[in-house]
Amino acid sequence: MKAEALVAKDLTITTDGQAMIDKARKDNVETVWDRYQAQSKHCSFCEAGLSCRICAMGPCRINPKDPEGKRGVCGADADIMVARNFVRMVAAGAASHSDHGRDLVEVLKRVGEGKASGYSIKEPEKLRTLAKEYGIECEGKSDLEIARNLAYLMEEDFGTRLDAIRMVNRVPSARLEIWKKLGVVPRGIDRETSESLHRTHMGVDNDWVSLLLQAARNALADGWGGSMIGTDLSDVLFGIPIPKESAVNLGVLKHDEVNIILHGHNPVVSEMIYNASQDPRLLALAKEYGASGINLAGVCCTGNEVLMRKGIPMAGNHLMTELALVTGAVEALIVDYQCIMPSLGKVAQCYHTKMFSTSSKAKFPGAEHVEITPENAKEKAEYLVETAIRNFKNRIKERVLIPEKPLKQFTGFSIEAIIKALGGSITPLVDAIKAGKIRGAVGVVGCNNPKIKQDSGHRALVRKLIANDILVVDTGCAAVATAKDGLKVPEAAQLAGSGLKEICILLGIPPVLHMGSCVDNSRIMVLAAAIANHLGTDISDLPIAASAPEWYSEKAVTIALYAVASGITTFLGPTPPITGSKNIVDMALGGLENVFKAHFVVEADPNKAADLIINHIETKRAKLGLDSKAKV
Ligand code: BF8
């Protein structure tokens with residue numbers, strides 16, 4: 001099939017996306033869907049996890065149907081090969097989130113040392129609460145001294161000096177006991193990733209069960225370590241999100257303003273760009289260049305970070321990143337790291353857009369590299385905004401198409417904000433669940449994937465869940481999808497079942513609560529732990545689930561695994577590359593229940609997945625002695 005055969009409405013359910021795919025065709029710009037089509041059909045060995053390029057005796061493939069081909073050159077069978085590949089996916093995902101978390105520790109340390117002039121402690125109370133969790137005596141100490149000491153201790157969390165990372169103290173005791181018995185309590189954030197890579201080198205760990213347990217420990221080091229530190233320190237440095245109104249879709253770009261798109265994951269850069277965009281000198285310069293203002297818009301998780309804290313509008317999720325540039329209305333694309341397609345520099349060059357990379361870890365073809373560090377962030381952010389302003393004159397009006405009007409959305413539901421909305425404690429939420437008005441809750445997370453019509457999985461799944469009185473909390477690109485679907489406004493309560501609708505109207509909240517970026521899945525973990533502790537039970541007993549209906553990234557695999565290892569059954573849309581090992585498939589879909597009291601479910605059809613989730617939640621309700629509609 002040729003690229004021309006692709007029809008926009010078959011690729012995405014979003015009308016802004018469809019308009020931009022058509023424009024990309026007209027402008028002769030290649031997109032992710034063109035490349036996906038060119039790459040199809042994918043290698044069935046790789047899809048099953050049965051190809052290995054770990055060492056130079058290979059690469060090897062195992063053909064399960066061929067009696068001669070059932071082992072790699074080293075002797076690895078299908079179980080070992082699939083397990084090794086899976087562990088490496090989890091290690092990469094954990095490394096990504098956790099290295100992001102480490103960057104925040106470094107900023108905190110520099111702030112404490114007085115070497116990061118553009119940054120400050122925005123939430124001294126949260127800093128002190130965290131410091132106390134870490135055993136730091138705060139009495140009589142300045143914020144900066146506490147920040148320094150906390151950063152030093154958090155650096156230890158990344159290393160090899162501890163028996164357990166400190167934030168496992170947040171885990172309900174019943175869950176921690178399970179981890180202790182299995183030997184999967186994470187010891188050090190980097191240590192687990194490093195050990196995963198060691199174990200999967202040829203000739204080290206060749207027991208698939210042992211390998212998978214290490215994958216779980218590595219994932220937990222992310223969920224209750226690197227990601228959790230990332231979230232908490234982002235709150236300390238940039239503010240705890242509170243509910244606020246914003247907007248979503250490509251309509252947030254403006255004809256008469258300098259449009260700057262922020263892409264990536266770490267708020268360390270985007271917060272500084274935000275500050276620069278408020279600078280009176282730069283606002284005056286924008287006027288001089290004929291623009292009526294400076295318009296920041298986010299995509300992906302950097303977008304979620306500045307949306308949650310500053311209300312910066314969201315232009316789109318993962319598959320919209322190229323299409324945002326195709327509008328022809330973007331003066332600058334400023335990126336940090338993760339989920340940034342290497343194609344973006346080329347797309348930018350098809351228009352007047354300037355692309356800037358800012359992290360020493362993430363450079364891109366077609367991008368100018370302007371390295372941002374804690375020491376120079378203010379000055380470099382101002383340079384980037386100024387360059388964007390000076391580029392406004394190069395916008396070619398005839399090539400601009402901003403489709404759609406933006407939709408309203410409400411965001412900013414940190415745990416602190418949720419508790420405040422509930423009147424100061426989680427008791428009303430627990431009571432609503434007990435009374436059956438809210439049947440349970442689901443964390444819908446993860447990405448877009450060109451294998452799935454964009455956002456179709458999120459829409460179908462989430463609409464069905466809320467219609468069945470299940471509260472949805474979401475993060476990452478899933479959160480952008482539901483905002484584009486109009487589910488993040490209080491009026492969307494009308495789409496909810498009668499019980500959830502009643503609660504939403506009472507509290508004035510939407511039935512789908514935005515909890516942030518992908519590292520902020522740690523907020524969901526902490527909330528689940530708080531509810532379990534409130535009920536004196538384990539997370540696995542709660543009527544909750546997780547789902548990633550359109551996942552693509554290694555980070556999503558890590559999230560899914562730490563959710564399951566934390567006791568939350570997780571429903572995946574795309575199938576992970578494990579089908580080459582029957583033992584591992586059986587373990588993932590069932591056996592894990594005996595290990596972690598939670599397991600994976602793979603269901604590509606979001607309607608069927610919603611039915612399975614509803615039944616899972618009702619079954620958990622029955623086990624808790626609550627009224628239940630479970631189908632046995
Ligand atoms: O970390 S949801 S596509 S942007 S991986 Fe990436 Fe997936 Fe989006 Fe955020 Ni998460």
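Indexing begins at 1, ligand by ligand and atom by atom, following the structure's order. Below, each value reflects all heavy atoms present in this structure, side chains not excepted, and no hydrogens, waters or symmetry copies. Everything quoted here is computed from the prediction, not taken from an experiment.
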Requested in this report: Answer yes or no on whether K310 is positioned over the face of Y274, meaning its NZ or CZ is under 6.0 Å from the six-membered ring centre and within 45° of the axis.
Outcome: yes
Query raised in the report: Closest approach of A529 and W224, non-hydrogen atoms and distance?
Result: CB-CH2, 4.0 Å
Query raised in the report: Given the rule in the ring pair (Phe, Tyr, Trp, His ring centres under 6.0 Å) test, do F356 and H369 qualify, once you have shown the distances and angles that lead to the verdict?
Result: CA-CA 6 Å; F356 297 100; H369 188 67; over 10 Å; no
Requested in this report: Specify side chain, backbone, both or neither for Y552, according to which of its non-hydrogen atoms lie closer than 4.0 Å to ligand 1.
Outcome: side chain
Report summary line: All heavy atoms of A483 vs all of Q409, minimum pair found to be CB-OE1, 3.2 Å
Report task. Only protein N/O/S atoms count here: give how many lie under 2.8 Å from atom 10 (Ni) of ligand 1. Result -> 1
Query raised in the report: Is there a donor-acceptor contact under 3.5 Å from the side chain of T302 to the main chain of H265?
Result: yes
Requested in this report: Verify the ring-centre separation between Y36 and H42: is it less than 6.0 angstrom?
Outcome: yes
